[in-house]
Amino acid sequence: MTEEQARDWTVQRFGEDAASKIDWFLNLVVVENDQQNLIAPSTIANIWARHALDSLQLIPLADRADGQWIDIGTGGGFPGMVVALAWPGRVALVEPRKRRAEFLQHCAETLGIADRVSVHASKIEAVELKADIISARAVATVENLLRAAAHCGKQNTRWLLPRGRLDEREIKTLSRQWRFVFHVEHSITSTESLIVILDRVGAR
């Protein structure tokens, strides 16, 4: 998908205002990338398709009009900050690296969404929020994510976990310790990537 197609997809689903704010944010990322490595330099030329659209595709899968979203390991803002620019609910960005967290806070204030976005410069284990949606973009194994962030979940929390691939053995192992309903969606930005969706998660 080209950069123009990725942006057009965004305008069609979330409007020009959201796309313009994401443009602004992506420019901030590119400038900051000279100071700290937020994204691979090789992906700057296709930042809309590789990072923005890759983040935005999670919103329809969330199946929520609003609520509390927690993004674990937000890094340079993906997917959490991009989600916050297109989705009207509250978004918590969890990023333990201080410089990245400071950048995310600066972006939230600059883009006028600091009233809906909280930045947590800590690990997820230290965050005391209950979420309607929890996302994590290839941060850790599913098992480790559940162990670290289960306290943030509720009965109806939906977990959106983009993965490079799905290891069926991991899911089988997971089912010994956790109850959950899961299905998989294919990423619209990469034929080789999947999004694992978990519902009704609970410890056995």
Side-chain angles (χ1 to χ4, degrees), residues 1-30 33 38-67 69-89 91-95 104 107 111 113 117 131-142 145 157-168 170-171 180-199 201:
M1 185 177 290
T2 67
E3 292 293 272
E4 183 177 0
Q5 289 171 330
R7 194 183 189 283
D8 286 346
W9 184 96
T10 303
V11 172
Q12 291 169 13
R13 285 158 182 79
F14 304 108
E16 177 60 42
D17 183 59
S20 294
K21 287 183 178 179
I22 294 168
D23 274 330
W24 189 358
F25 170 63
L26 297 180
N27 286 334
L28 292 173
V29 170
V30 171
N33 217 51
L38 300 176
I39 60 175
S42 60
T43 66
I44 290 176
N46 60 338
I47 192 170
W48 255 103
R50 178 65 181 82
H51 296 290
L53 182 57
D54 196 57
S55 301
L56 291 166
Q57 68 176 324
L58 298 182
I59 296 177
L61 300 178
D63 194 29
R64 306 285 197 282
D66 57 16
W69 189 311
I70 295 178
D71 183 46
I72 302 171
T74 303
F78 310 101
M81 185 65 76
V82 175
V83 165
L85 292 168
W87 188 73
V91 181
L93 311 179
V94 182
E95 174 48 56
L104 295 172
C107 289
L111 295 162
I113 56 173
V117 174
D132 300 291
I133 306 102
I134 296 175
S135 61
R137 190 189 190 197
V139 172
T141 65
V142 177
L145 279 169
T157 298
R158 170 158 285 191
W159 299 66
L160 301 174
L161 309 175
R163 309 274 99 185
R165 60 183 179 83
L166 178 64
D167 188 336
E168 296 288 348
E170 182 184 5
I171 295 296
F180 55 86
V181 176
F182 92 101
H183 70 281
V184 174
E185 295 284 345
H186 287 275
S187 170
I188 64 175
T189 61
S190 170
T191 56
E192 298 178 355
S193 297
L194 301 169
I195 301 167
V196 175
I197 302 174
L198 301 179
D199 291 299
V201 174

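Treat the numbers as computed from the prediction; the structure is a model and nothing was measured.
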List the steps and the verdict of side-chain contact (heavy atoms from CB on, under 4.5 Å) for Glu185 and Leu194. CA-CA 6 Å; Glu185 295 284 345; Leu194 301 169; over 6 Å; no

Take Arg163 and Val142 through the side-chain contact (heavy atoms from CB on, under 4.5 Å) test and state the conclusion after the steps. CA-CA 9 Å; Arg163 309 274 99 185; Val142 177; 4.1 Å; yes

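- At least one donor-acceptor pair closer than 3.5 Å links the side chain of Arg158 to the backbone N or O of Leu61.
- Leu56 places a side-chain heavy atom less than 4.5 Å from the side chain of Trp48.
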Would Leu53 and Gln5 count as a side-chain contact (heavy atoms from CB on, under 4.5 Å) here? Give the steps. CA-CA 10 Å; Leu53 182 57; Gln5 289 171 330; over 6 Å; no

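- Minimum heavy-atom separation, Phe182 to Leu198: CB-CD2, 3.2 Å.
- For Leu28 against Cys107, the heavy-atom pair with the smallest separation is CD1-SG, 3.9 Å.
- Judged purely by atom type and a 3.5 angstrom limit, Asp199 has no side-chain atom pairing as donor or acceptor with the backbone of Val181.
- Nearest heavy-atom pair across Arg137 and Pro79 is CB-CD, 3.8 Å.
- Distance alone, capped at 3.5 Å, is enough to place a donor-acceptor pair between the Glu95 side chain and the Gly75 backbone.
- Atom CG of Leu161 is separated from atom CD1 of Ile134 by 9.0 Å, given to the nearest 0.5 angstrom.
- Taken from NE2 in His51 to OG1 in Thr43, the straight-line distance is 3.0 Å, to the nearest 0.5 Å.
- Within the 4.5 Å cutoff, the side chain of Leu58 has no heavy atoms near those of the Trp87 side chain.
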Go through the steps to decide whether Leu85 and Trp24 satisfy the test side-chain contact (heavy atoms from CB on, under 4.5 Å), and finish with yes or no. CA-CA 10 Å; Leu85 292 168; Trp24 189 358; over 6 Å; no

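- Considering every non-hydrogen atom in both Ala65 and Pro88, the closest pair reads O-CG, 3.3 Å.
- Residue Ser135 holds its OG atom at 9.0 Å from CD1 of Ile70, rounded to the nearest 0.5 Å.
- Between Arg50 and Glu3, no side-chain nitrogen of the basic residue sits less than 4.0 Å from a carboxylate oxygen of the acidic one, so the salt-bridge criterion is not met.
- The backbone N or O of Val83 lies less than 3.5 Å from no partner atom in the side chain of Ser55, so there is not a single donor-acceptor pair.
- Rounding to the nearest 0.5 angstrom, the gap separating the OG1 atom in Thr74 from the CG atom in Leu38 is 12.0 Å.
- Side-chain N or O atoms of Gln57 include one that pairs as donor or acceptor with a backbone N or O of Asp54 at under 3.5 Å.
- Checking side-chain atoms of Asn33 against main-chain N and O of Ile39 turns up a donor-acceptor pair under 3.5 Å.
- Under the 30°/60° scheme for interplanar angles, the aromatic rings of Phe78 and Phe25 are found to be tilted.
- Shortest non-hydrogen contact noted between Ala62 and Ile133 is CB-CG1, 3.9 Å.
- The structure places CG of Asp71 at 10.0 Å from CG of Leu160, a figure rounded to the nearest 0.5 Å.
- The OG atom of Ser20 sits 5.0 Å away from the CZ atom of Arg7 when rounded to the nearest 0.5 Å.
- Of all heavy-atom pairs between Ser187 and Ile195, the closest is CA-CD1, 4.5 Å.
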